[in-house]
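Here the structure comes first, spelled out in structure tokens, and everything after it is commentary.
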Amino acid sequence: MKGQTKEKDHLKDSESVLTDIALNAQLADYSPVKGCMVIRPYGYAIWENIKAILDKMIKDTGHENAYFPMLIPESFLQKEAEHVEGFAPECAVVTHAGGKELTEKYVLRPTSETIINHMFAKWISSYRDLPLKINQWANVVRWEMRTRLFLRTTEFLWQEGHTCHASFDEAQEETLLMLSKYKELLEEHLAVPVHTGMKTESEKFAGAHSTYSIEALMRDGKALQAGTSHNLAQNFAKAFETKFTTENNQQDFAYQTSWGVSTRLIGAVIMGHHDEIGLILPPRIAPYQVVIVPILKKNDENILVLTEAKKIIEELKALNISYKFDDRDNISQGIKFNEYEQKGVPIRLVVGPKDLENGFVEIHRRDTKSKEKDVPRAGIAERLKSLLDTIQKDLLQRALDYRKEHTQTVKNLDELEDVLNNKTGFARAMWNGDVALEALLKERFKASIRCIPDQRELDAKIIPCIFSGIVYQNNKEILIAKAY
RNA sequence: CGGGAUGUGGCUCAGUUUGGUAGAGCGCUGUGUUUGGGACGCAGAGGCCCUAGGUUCGAAUCCUAGUAUCCCGACCA
């Protein structure tokens, strides 16, 4: 009892919500190395589910998986000026191996544009070799000063897509296509609504021509960049001489893209769906969608209960519902209930002797915390299947409603301050594009321009630039928020 | 890299002020009684007290240095 109260109080403290949920739900644990985490089986299962969905999307859009090495010659990073400047401070470097100091140092990949371009240059010679569309699932290392479980760890897992095209427009099309796939992944499967849009110069990827991102809103009112897609144009191709012969027998540099999402998505799910008890998982990525808890009594009734539970399991399997059957007899059901609630299992199905006698079972919905007794045993699998769909939809709707409540249009800095400090969430505004004013946002409000959204909602002829107060039709619409 | 906190059985911590050779709760093992929302009894196992020096007859405790992790800022997916 004491433990329960303590945990609940803990969760109210928003600063430790992420840590508490990740640890309590056994998604991850701290490693002996600063900033690194161990992804535990339950957390990794979520990643595997996300990975399976996205991997199919990637393949369905014509990409192939490959694997490039983790060690990159240090000189590679230096070939692209902006790139080295952006990544040098956060690179871990291998200086010794085989008991000797290395002549050329190796960088643990912070991202793979350089080594991949080195290979692309060898593989591409003609426009007939294009487009070349590669993806890899890998780990990367970025020596961040401050880390948080899932949201920012020293080593993390991700996928990075790298493509080469014969024209800028084709690369641009690819950049936006993958951005839209990310949006689909987040909204349809993780139930996390996102804004798509372009990053400002100061926020774009080091070495890119332009960067697009998906921006999600967490339940604490902060924004999270949940994925990025870059049009690299010819920046890396020029640095690595990734050239091809055109149809007209001219030499041209390849037009490239890169795009990635990481285990940060699990952080997005945690911070996007939770309550005072703990995690709430969307059914489509839950390691198990239903947990079956039998009520055991150490007598003949158990045989009935266990036999019936096994039958239900067969029915769930037939409908492709993933499940966990917890028949441990040394733990009371109360503890089990609490454990699976903290883990965010979408539905709990309780199978007990008294209910079964009357042909009933009991269902508990994690997202609404509602319990339904006397649910007919007959047709339970179909009932659960449709309930899972409902939960998936409701979670997205809940997040959409939350985002709507926490998005305001602001016309001046006072209104912005009110949103950032009191209402929290996104502020939608107009901006004249002045970089100095963007920097002021960070200094004065500790907020940033999350993106120039694709979905415009403001009228540039009416809403003035939030900094200058001037109305001008070429002002850009922006989304401002405090971010992770 | 600054600021703060903390390193004691698997976990959460007490003990440190005032040195005397280590405790509690939970968990774990066995066993019995329980069982429809966090049960209880009995019997057990389990600890280089972060590391290295120093002071002392004697250090978890005092001194010095180091180290690690967490939290808060500057940097970032």
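Chain naming here is simple, since letters A, B, ... match the order of the sequence lines and numbering starts at 1 in each.
The only option from A:I312, A:L306, A:V351 that meets the side-chain contact (heavy atoms from CB on, under 4.5 Å) definition with A:F325 turns out to be A:L306.
Distance noted for atom C1' between B:U16 and B:G7: 14 Å (whole Å). B:G47 and B:U31 have their C1' atoms separated by 26 Å, with the value rounded to a whole Å. To the nearest whole angstrom, the two P atoms, one in B:A22 and one in B:A59, are 13 Å apart. Nucleotides B:A52 and B:C71, compared at atom C1', are 28 Å apart to the nearest Å. Between B:A45 and B:G10, the distance separating the two P atoms is 16 Å to the nearest Å. Between B:C50 and B:A14, the two P atoms lie 13 Å apart (nearest whole Å). B:G41 sits 23 Å from B:G23 when the C1' atoms are compared, rounded to a whole Å. Rounded to whole Å, the separation between the C1' atoms of B:C49 and B:C62 comes to 16 Å.
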Set out, in order, the CA-CA distance, both residues' side-chain angles and the distance that settles ring pair (Phe, Tyr, Trp, His ring centres under 6.0 Å) for A:F68 and A:H162, then state yes or no. CA-CA 11 Å; A:F68 297 83; A:H162 295 270; 7.4 Å; no
I'd like to know whether A:T111 forms a side-chain hydrogen bond (donor to acceptor under 3.5 Å, both in side chains) with A:R109, so could you lay out the CA-CA distance, the side-chain angles of the two residues, the decisive distance to 0.1 Å, and finally the verdict. CA-CA 5 Å; A:T111 179; A:R109 63 177 161 224; over 6 Å; no
Start with the C-alpha distance between A:S213 and A:Q225, add both sets of side-chain angles, then the distance that settles side-chain hydrogen bond (donor to acceptor under 3.5 Å, both in side chains), and finish with yes or no. CA-CA 7 Å; A:S213 72; A:Q225 179 175 307; 4.7 Å; no
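One can place NZ of A:K34 at 13 Å from C1' of B:A5, the figure rounded to the nearest angstrom. A:Y484 has its OH atom 16 Å from the C1' atom of B:G73, to the nearest Å. What separates CE of A:M145 from C1' of B:A74 is a distance of 7 Å, to the nearest Å. To the nearest angstrom, P of B:A39 lies 12 Å from CD1 of A:I295. Rounding to whole angstrom units, CD of residue A:E215 and C1' of B:A77 are separated by 10 Å.
A 6.0 Å sphere centred on NZ of A:K133 holds more than 12 heavy atoms belonging to other residues, nucleotides or ligands.
Between A:F236 and A:F240, the ring planes lie parallel to each other; the angle is under 30°, not in the 30° to 60° tilted range.
Residue contacts for A:L296: at a heavy-atom cut-off of 4.0 Å it reaches a base atom on one of the strands shown. A:K371 comes within 4.0 angstrom of a base, heavy atoms only. A:E341 comes within 4.0 angstrom of a nucleotide base, judged by non-hydrogen atoms across all strands. Counting non-hydrogen atoms under 4.0 angstrom, A:V351 reaches nothing in the nucleic acid. Within 4.0 Å (heavy atoms only), A:F156 reaches at least one base atom of the nucleic acid. Within 4.0 Å of A:Q225, counting heavy atoms only, lie sugar-phosphate atoms of the nucleic acid but no base atom. If you check every strand for non-hydrogen atoms under 4.0 Å, A:L151 touches a base. Across all strands, A:P353 comes closer than 4.0 Å to base atoms (heavy-atom distances). In this structure, A:S448 reaches neither bases nor backbone, as no heavy-atom distance under 4.0 Å exists between it and the strands shown. At the heavy-atom level, A:H230 lies nowhere under 4.0 Å from the strands shown.
For the pair A:D355 (side chain) and A:F360 (backbone), a donor-acceptor distance under 3.5 Å is absent. Between the side chain of A:N235 and the main chain of A:G207, a donor-acceptor pair closer than 3.5 Å is present.
In this structure, A:E315 pairs ionically with A:R377, as a charged nitrogen and a carboxylate oxygen lie closer than 4.0 Å. The pair A:E362-A:K354 does not meet the salt-bridge criterion, since no charged nitrogen lies less than 4.0 angstrom from a carboxylate oxygen. A salt bridge links A:K181 to A:E184: one of the charged nitrogens lies within less than 4.0 Å of a carboxylate oxygen.
Taken together, the paired segments of RNA chain B that extend over three or more consecutive Watson-Crick or G-U pairs, each closer than 3.5 Å at both contacts, are B:1-7 with B:67-73, B:10-13 with B:23-26, B:28-33 with B:39-44, B:50-54 with B:62-66.
Looking at residues 106-116 of chain A, you'll see that no heavy atom sits under 4.0 Å from any atom of RNA chain B.
The side chain of A:K297 lies closest to B:G36, out of B:C75, B:G37, B:G36. Of the candidate nucleotides B:G38, B:A77, B:G36, B:A77 has the atom nearest to the side chain of A:T228.
For the OP1/OP2 pair of B:C71 and a distance below 4.0 Å, the side-chain nitrogens and oxygens of A:Y30 include at least one atom meeting the criterion. For A:S262, no side-chain nitrogen or oxygen approaches OP1 or OP2 of B:A77 to under 4.0 Å.
Closest-nucleotide positions on RNA chain B for A:T147 and A:A483 were compared, and the one nearer the 5' end corresponds to A:T147.
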